[in-house]
Amino acid sequence: MRIYSVHVPPLVSPVDRARVVAEGFSWAAFVLGVLWALWHRQWAAAAAILVAGMVLAGGLGAIGAGETTITIATVAVNAIYGVVANDLRRRRYDRLGWREIGPIAADDADEALYKAAILHRDAAIRRDARGYDQGGRGPAPGAFGHAGGLGV
């Protein structure tokens, strides 16, 4: 079983546009590097990987290092990115105001999304028809799919 976090954009229900992010090392980010970063709109990370690769290759080549050393350095840069890639995705969603539902233990991303939808549904059921939570603390943000509940 793996740990996932599910991120939901503001003012939208979890199943509409939710993103599931796995915890831990990203093999796809390690293998694909810049392409993976660009696919996930991590522009700064993509630029950093490119710059780090060029600086390492140029610097190591200038001091007479062999191709094996340059390859190992490049693999090390991609390994570092593989370690932090999913955390960078989580930070991006947080910066954009997305709510995190999780952590969720699941066998795969689809099961994590299903469990997140169940959690969100159970939270919505605990609100009354005016959008107030059971504690009566006022309109619950996101109740019934939009901010401020029903506005009653």
Quiz item: Would you find a donor on one side and an acceptor on the other, under 3.5 Å apart, between the side chain of Asn86 and the backbone of Val21?
Solution: no

Quiz prompt | Exceeds 12 heavy-atom contacts within 6.0 angstrom, atom CZ of Phe30 | solution = yes

Quiz item: Minimum heavy-atom separation for Val6 to Ala112, with atom names?
Solution: CG2-O, 3.8 Å

Self-check item: Minimum heavy-atom distance between Ala46 and Leu38, given as atom pair plus value
Solution: CB-CD2, 3.7 Å

Exercise. Indicate yes or no: at least one non-hydrogen side-chain atom of Val8 is less than 4.5 angstrom from one of Trp98.
Key: no

Quiz item: Roughly how far, to the nearest 0.5 Å, is the CG atom of Leu60 from the OG1 atom of Thr71?
Solution: 10.0 Å

Quiz prompt | Gap between atom CZ of Arg95 and atom CG of Leu88 - 0.5 Å precision | solution = 9.0 Å

Quiz item: Roughly how far, to the nearest 0.5 Å, is OG1 of Thr69 from CG of Leu56?
Solution: 11.5 Å

Quiz item: Salt bridge or not for Arg90 and Asp87, using N-O below 4.0 Å?
Solution: yes

Quiz prompt | Whether over 12 other heavy atoms sit under 6.0 Å from Arg2 CZ | solution = yes

Quiz item: Quick one: CD on Glu111 to CD1 on Ile104, what's the gap to the nearest 0.5 Å?
Solution: 10.0 Å

Quiz prompt | Nearest non-hydrogen partners of Gln42 and Ala85, listed with the distance | solution = NE2-O, 3.4 Å

Exercise. Return the minimal non-hydrogen interatomic distance between Pro103 and Ile3, and the atom names on each side.
Key: CB-CG2, 3.6 Å

Quiz prompt | ILVMFWY network linking Ile72 to Ile70, side-chain heavy atoms under 4.5 angstrom | solution = no

Self-check item: Straight-line distance of Arg89 CZ to His7 NE2, nearest 0.5 Å
Solution: 8.0 Å

Quiz item: Are any side-chain N or O atoms of Arg41 and backbone N or O atoms of Trp39, one a donor and one an acceptor, separated by less than 3.5 Å?
Solution: no

Self-check item: Nearest atoms (heavy-atom pairs only) where Asp107 meets Met1
Solution: OD1-CE, 3.5 Å

Quiz item: What is the minimum heavy-atom distance between Ala29 and Gly82, and which atoms define it?
Solution: CB-CA, 4.2 Å

